[in-house]
Each structure stands twice: as C-alpha cells, then as structure tokens.
Amino acid sequence: MRATWSALHASLCRHLNRSSSEVAFRMMRQIHPELAAFGSIAALMEQQQAPWGDQAASYGVIRALVYAAQSENSYRSAAHLMVLVALWPGLDAVFWRIARGFPDRRDDLPADVLARVGEAILAVDFARVTAVVATLLRNVERDIRRDLIADRVIGQASRPIDDPSIEAVVEAMVAPEPADDQVLADHLSGLRPEDAHLLRRVFTLGETQEEAGQSLGLSHDAARKRYQRALEKLRAQQKNPSDLSHSGAAIGL
C-alpha cells in the first residue's frame with residue numbers, strides 16, 4: 001500500500017523525535033552558527049513553521065541545514081530530514097497544486113515529491129543559488145510537472161519527450177522565478193507580520209490568495225481583501241517609483 005502524504009510527514013517527524021537525531025543536531029549546532037540559538041530540533045521547527053517571524057533568519061537556517069546535509073559528517077542524514085520537515089508547508093502547497101492537476105497520479109505523488117526534493121537538497125550549488133527555499137520548491141514542482149505533462153502528451157499524441165510544446169506547457173503552469181529570499185524579506189519588513197506572511201506565501205510558495213489566507217484562518221473573501229490591502233501598502237512604501245518598477249517585477253508586484 002502506498003504511503004499517503006500525511007503519513008510520510010508523520011514518519012519524518014517520528015524520526016526527528018529520536019534521541020539519535022538530537023545528538024546529531026547538537027553536533028550541527030557546534031559547526032553552524034545559524035543553528036546555535038535553538039536548543040532542540042522541536043524549537044527550530046517551531047520557529048521555522050511559525051506564521052511569521054524573522055524570515056531572513058529562517059532562510060539562513062535552511063541554508064545551514066542544506067549545507068549540513070551535503071557534508072560528509074555523521075549528522076548529514078538528520079540534517080536532510082530536518083530540511084524536509086522545515087520545508088513541509090511549502091512542499092504541502094506544491095503537492096496539492098500538482099495533485100489537483102493530476103488526480104490520477106495522486107497515489108504515486110507523495111513518494112515522488114519526497115524523492116525529488118531529497119535529490120534537489122543534495123544538488124544545491126551554493127555558488128549559484130542564494131534563494132535556497134524558493135529554488136528547491138520551484139525546481140521540484142517544475143520537474144514533476146514536466147514529467148507528468150510529458151507522459152500525458154506522449155500518451156495522447158505520441159509526441160517525443162523532448163517536444164518543445166511540453167516545455168512551453170510546463171513554463172506556463174509553474175510560477176515565475178521567485179525573488180531572492182533576502183530581497184523579499186527586505187521588501188516585506190515594513191508590513192505587519194500577518195500581511196507579510198500572506199504575501200510571502202503567495203510570492204515564494206506560489207499559493208493562491210485563498211490558500212495563503214487559510215494559514216491565517218481567513219475566509220476566501222477576507223484573504224483576498226487583506227492581500228490587496230497589503231499589496232497596496234507595499235507599493236506605497238516604495239519611495240522611488242523607478243525602484244518600485246524594478247523591485248516589483250522581481251516579486252510579482
């Protein structure tokens with residue numbers, strides 16, 4: 001029987017609750033300053049998955065965990081699991097977006113998402129990637145969609161897998177390249193935490209306004225209104241119109 005999406009999450013959390021994971025985390029804290037402020041894995045996850053907070057620090061934590069997962073140290077497996085759990089809100093949004101578009105593949109999707117993001121964590125090139133969170137989530141969604149669309153197109157029209165139409169469909173369905181994590185955090189720093197949280201989930205995770213609003217307990221209509229007000233305030237904060245045009249393009253304004 002295939003594992004369900006929620007069951008996989010529960011399994012990952014159980015592994016992180018083991019004493020061996022805490023021992024590994026204590027070793028990580030000694031090497032990575034970004035992790036030193038957290039006394040336990042639970043404390044780190046609570047901060048990472050809070051509705052709002054210091055996003056620059058949160059992004060730094062993910063970078064440190066990915067770096068630890070790529071190392072040859074004995075704690076690399078625990079670090080790998082911690083990245084998966086820390087990214088879960090974003091992965092959850094990716095999973096359900098894809099599942100809605102490909103309901104016939106939902107049974108296979110949980111394992112596919114975890115396998116893809118697991119490979120992507122180990123493949124992050126820190127010399128080229130600054131927006132680690134956004135890059136991981138977008139690349140996983142893009143790659144899965146590309147393969148699923150390719151299967152669908154090939155099955156329906158017997159087209160070769162490298163047909164340009166496949167790539168065009170994927171690019172149309174996947175959100176534009178997200179802004180750099182730190183740049184986005186700087187843009188949103190002047191907003192109320194809950195408003196920044198709402199915009200961040202739309203910009204970075206590619207959620208709809210309704211999906212982002214659900215994380216704040218808002219109805220669809222309330223989420224839409226708050227999103228519009230927050231977006232207007234963000235635009236008004238920009239002192240230089242030319243800066244607004246430049247920076248807004250980067251984060252979808």
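What you see below is based on every heavy atom in this structure, not just the backbone, and it leaves out hydrogens, waters and symmetry mates.
- In this view, Arg100 and Glu211 satisfy the side chain to side chain donor-acceptor pair (under 3.5 Å) rule, not counting sequence neighbours.
- Ile31 and Ile41 fall within the same hydrophobic cluster, defined by Ile, Leu, Val, Met, Phe, Trp and Tyr side-chain heavy atoms under 4.5 Å apart, directly or through other members.
- Contact between Met27 and Ser74 at its shortest, heavy atoms only, is CE-OG, 3.4 Å.
- At distances below 3.5 Å, not a single donor-acceptor pair connects side-chain atoms of Arg29 with backbone N or O atoms of Ala24.
- Taking the side chain as every heavy atom from C-beta outward, His80 and Leu122 approach each other to under 4.5 Å.
- In terms of modelled atom types and a separation under 3.5 Å, the side chain of His9 and the main chain of Trp5 share no donor-acceptor contact.
- Put simply, CZ on Arg14 and OG on Ser11 are 5.0 Å apart, with the number rounded to the nearest 0.5 Å.
- Here Ser71 contributes atom OG and Met28 contributes atom CE; the two are 8.5 Å apart, rounded to the nearest 0.5 Å.
- Judged purely by distance below 3.5 Å, without hydrogens or angles, the side chains of Ser40 and Glu22 never pair a donor atom with an acceptor atom.
- Distance CG/Asp108 to CD1/Ile144: 11.0 Å, rounded to 0.5 Å.
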task = Please assess Asn73 against Arg76 for the test side-chain hydrogen bond (donor to acceptor under 3.5 Å, both in side chains), listing each intermediate value before the final yes or no.
result = CA-CA 6 Å; Asn73 294 309; Arg76 63 183 182 274; over 6 Å; no

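- Taking CZ of Arg192 as the start and NE2 of His197 as the end, the distance is 13.0 Å to the nearest 0.5 Å.
- Nearest heavy-atom pair, Ala68 versus Ala79, reported as atom, atom and distance to 0.1 Å: CB-CB, 3.6 Å.
- Arg145 contributes atom CZ, which lies 4.5 Å from atom CD of Glu141 (distance to the nearest 0.5 angstrom).
- Of the charged side-chain nitrogens involved, none lies within less than 4.0 Å of a carboxylate oxygen, so that Glu210 and Arg224 do not count as a salt-bridged pair.
- Under a hydrophobic-cluster definition in which Ile, Leu, Val, Met, Phe, Trp and Tyr are linked whenever side-chain heavy atoms come within less than 4.5 Å, directly or via other members, Leu44 and Val23 are assigned to different clusters.
- In terms of heavy atoms, Ala86 sits closest to Ile62 at CB-CD1, 3.5 Å.
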key: Worked check of side chain to side chain contact (heavy atoms under 4.5 Å, CB included) between Arg106 and Trp96   = CA-CA 9 Å; Arg106 186 172 294 183; Trp96 289 110; 3.9 Å; yes

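- At least one donor-acceptor pair under 3.5 Å links the side chain of Asn17 to the backbone N or O of Cys13.
- Each of Val132, Val66, Val140 was evaluated against Ile121; a single residue qualifies, Val66, per the side-chain contact (heavy atoms from CB on, under 4.5 Å) test.
- Residue Glu46 places its CD atom among 12 or fewer non-hydrogen atoms of other residues, nucleotides or ligands, all under 6.0 Å distant.
- Side chains of Asn139 and Arg142: a donor on one and an acceptor on the other come within 3.5 Å.
- The CG atom of Leu231 sits 8.5 Å away from atom CD of Gln209, with the distance rounded to the nearest 0.5 Å.
- Counting heavy atoms from C-beta outward, Leu12 and Leu8 have side chains that stay 4.5 Å or more apart.
- Here Tyr75 and Phe25 keep their ring centres 6.0 angstrom or further from each other.
- Counting heavy atoms from C-beta outward, Ile98 and Val94 have side chains that approach closer than 4.5 Å.
- Among Thr135, Leu136, Leu137, the single residue meeting the side-chain contact (heavy atoms from CB on, under 4.5 Å) criterion with Val133 is Leu137.
- Remark: the backbone N or O of Val124 is paired with a side-chain donor or acceptor of Gln70 at under 3.5 angstrom.
- The hydrophobic cluster containing Phe126 also contains Tyr59, counting ILVMFWY residues as joined when their side-chain heavy atoms lie under 4.5 angstrom apart, directly or transitively.
- Ionic pairing of Asp195 and Arg226 is present here: one or more N-O contacts between side-chain nitrogen and carboxylate oxygen are shorter than 4.0 angstrom.
- Crowding of Phe38 atom CZ: a count of heavy atoms from other residues, nucleotides or ligands under 6.0 Å exceeding 12.
- Among all heavy-atom pairs drawn from Asp107 and Pro110, the shortest one is O-CD, 3.6 Å.
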inquiry  = Does Asp147 form a salt bridge (Lys or Arg N to Asp or Glu O under 4.0 Å) with Arg116? I'd like the steps, not just the answer.
reply    = CA-CA 12 Å; Asp147 287 351; Arg116 301 272 188 155; 2.5 Å; yes

key: Intermediate values then yes/no, side chain to side chain contact (heavy atoms under 4.5 Å, CB included), Leu109 and Phe102   = CA-CA 9 Å; Leu109 195 54; Phe102 300 88; over 6 Å; no

